[in-house]
Each structure stands twice: as structure tokens, then as C-alpha cells.
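This report refers to the structure that appears directly beneath it.
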Amino acid sequence: MLIVLLGPPAAGKGTQAKKICNSLSIPHISTGSILRQNISEKTPLGEVASLYINKGDLVPDEVIIAVVKDRLRQPDCAKGALLDGFPRTLRQAEELDELIQVDKVIDIEVSRQILTERVTGRRVCKNCGTNYHISVYTESNCNCGGSLQTREDDTEAALAVRLNNYDKQTLPLRQYYAGDNRLIQVSGIGTPAEVFERIKEALA
Ligand code: AMP
């Protein structure tokens, strides 16, 4: 099963992706994580991505499409995968449809005020990528021992750019996927467990 997770920054896509992938035993493909990993390893892809990502801009379509095509060809994706953060533009969605059958698209909806609170309090483990929020997690290290950091694009200024990009470039995908009944809309308000229950029900 090939699942796409849609939703604005900090809607909870990463957290829900882990839960869905555990329950369906499919790999979690987060384009944002792949890019951040490449930036920290200073690869050529990372150098290109850093020109866009820290400002909150989208990486060019041809760059990210090549990354996803390559990742979906890996043997662990033979029985499906969950794409988190891809597609984000109509062109990406169209190219994905040419490449593979997308079965379900889960769109997580959260109000703007809550997104801002989540983004400014978000900390990410440098080691394993787990997300925490400072309102509920007060340790300075992750459970795995890695240090916690604020993402460079988790500032209010970069968030404004990311939300603007989301409205202009990604929101039209709702209509694209609603057209042939692939779209599932789920409220992202509540605990991660509550949101996951809604997703499980919708997928069943
Ligand atoms: P995320 O971790 O999903 O919030 O992604 C972080 C950043 O990576 C985004 O703000 C973009 O700069 C870049 N990025 C991730 N996925 C894509 C994509 N599908 N298309 C273009 N840029 C992307």
C-alpha cells in the first residue's frame, strides 16, 4: 500500500507517519528528513537543499522528484511505503502518479494558531530525528541520548514562508486527490494517540 501524508508544517505528519508505518510494516519516507540528513553530511544534494530549506522555500521539483524516485526503487519499498512531505506541488503529484499507484492520501488538518505554537516549541533529536515539544518534554537530550535542536526553519519568519508556500502550492493537491476518492481528511487536534485512532478508522 502506498500512502501519502499531506498537511501543513507541524500538523503532526512525522509522529503519525511512525505509527502508521509500524502498524502496516512499510517504510517511512520523509523528504524533509532525507534533505536534512544530506545537509548534515554536506553532500551535493545537501548543498543544493540548504539554499532553500532554511528560508522555508521548497526545493525545486526536479531535485526532489529524483530523490523520491530513487528511494522508491529500493527493495524495502516493494510492498509499499508512506510518503511524508511528498508530493508538495501538482507537478510532484502528477509525476508520482506516473511512477506508482497511490492508494490513500491522508490530509491532517490543524488551525494556524496551533501550528505556530507547535513549531516554535518543537525540538528535534540530532541523532534519530524524533520530535519533542518543550511544553511536555523538559529534558535536554532525546531518549536515545542524542542532543535536541531547534530546526533552522522552525522560526516564525520561516514558518510564514512555509505556510504561504503550503497554501499556494500544496493545498491544490486536496482537490487533485479528492477527485478520485483517494483523499482522507483527519483532524490533527488532540493527542498523537487520538489522531492515530482517527487515521486507523479512516484507513480500515
Ligand atoms: P519537512 O520536514 O517535511 O517540513 O520539510 C522541510 C523542508 O524540506 C521544506 O520546507 C522544504 O524546503 C524541503 N522539502 C521537503 N519535502 C519537499 C518537497 N516534496 N518538495 C520541495 N521541498 C521539500
Side-chain angles (χ1 to χ4, degrees), residues 2-18 20-21 27-41 43-72 81-100 102 105-110 112 114-116 118-126 128-133 148-174 176-177 188:
L2 198 292
I3 300 177
V4 162
L5 261 190
L6 279 185
K13 296 192 296 296
T15 305
Q16 294 305 321
K18 287 207 173 82
I20 297 167
C21 289
H28 172 198
I29 302 175
S30 157
T31 43
S33 299
I34 293 173
L35 296 174
R36 281 187 291 279
Q37 181 75 28
N38 276 273
I39 291 172
S40 77
E41 289 170 5
T43 67
L45 169 63
E47 274 174 30
V48 173
S50 65
L51 300 175
Y52 301 90
I53 198 166
N54 295 346
K55 288 186 284 179
D57 284 332
L58 291 186
V59 167
D61 280 339
E62 52 277 16
V63 172
I64 200 74
I65 288 167
V67 168
V68 170
K69 278 189 176 168
D70 183 58
R71 183 64 189 85
L72 286 174
L82 181 140
L83 287 169
D84 161 9
F86 184 95
R88 266 175 152 103
T89 66
L90 212 45
R91 177 168 162 211
Q92 293 177 19
E94 286 167 352
E95 294 232 11
L96 183 64
D97 272 340
E98 279 177 25
L99 185 73
I100 201 163
V102 175
V105 178
I106 302 167
D107 181 25
I108 306 180
E109 297 175 295
V110 177
R112 290 291 144 110
I114 292 179
L115 291 179
T116 308
R118 285 188 184 175
V119 160
T120 49
R122 175 158 67 180
R123 300 292 179 269
V124 185
C125 173
K126 197 179 175 193
C128 70
T130 300
N131 287 337
Y132 294 91
H133 196 278
L148 298 184
Q149 302 185 318
T150 303
R151 279 171 47 167
E152 288 201 36
D153 58 347
D154 272 353
T155 60
E156 283 202 41
L159 178 65
V161 176
R162 287 156 75 200
L163 287 175
N164 192 32
N165 285 336
Y166 183 79
D167 288 344
K168 284 204 193 120
Q169 298 182 270
T170 311
L171 263 187
L173 296 187
R174 267 192 197 162
Y176 178 84
Y177 287 119

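Ligands are counted one by one from 1 in listed order, and the atoms in each one are counted from 1 as well. What you see below is based on every heavy atom in this structure, not just the backbone, and it leaves out hydrogens, waters and symmetry mates.
With Arg118 contributing its side chain and Ala11 its backbone, the two residues share a donor-acceptor pair below 3.5 Å.
Considering every non-hydrogen atom in both Pro9 and Leu115, the closest pair reads O-CD2, 3.2 Å.
Atom-to-atom distance recorded for Thr150:OG1 and Arg122:CZ is 10.0 Å, nearest 0.5 angstrom.
For a heavy-atom separation below 4.0 Å, the residues in contact with ligand 1 are Thr31, Gly32, Leu35, Arg36, Ile53, Asp57, Leu58, Val59, Ile64, Gly85, Phe86, Arg88, Gln92, Arg151, Asp153, Arg162.
At a threshold of 4.0 Å, the pair Asp167-Arg112 counts as salt-bridged, since one of the basic side-chain nitrogens sits closer than that to a carboxylate oxygen.
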Criterion side chain to side chain contact (heavy atoms under 4.5 Å, CB included) on Ile64 and Leu35, from CA distance to verdict: CA-CA 9 Å; Ile64 200 74; Leu35 296 174; 3.8 Å; yes
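With sequence neighbours excluded, no residue forms a side-chain hydrogen bond (donor to acceptor under 3.5 Å, both in side chains) with Arg36.
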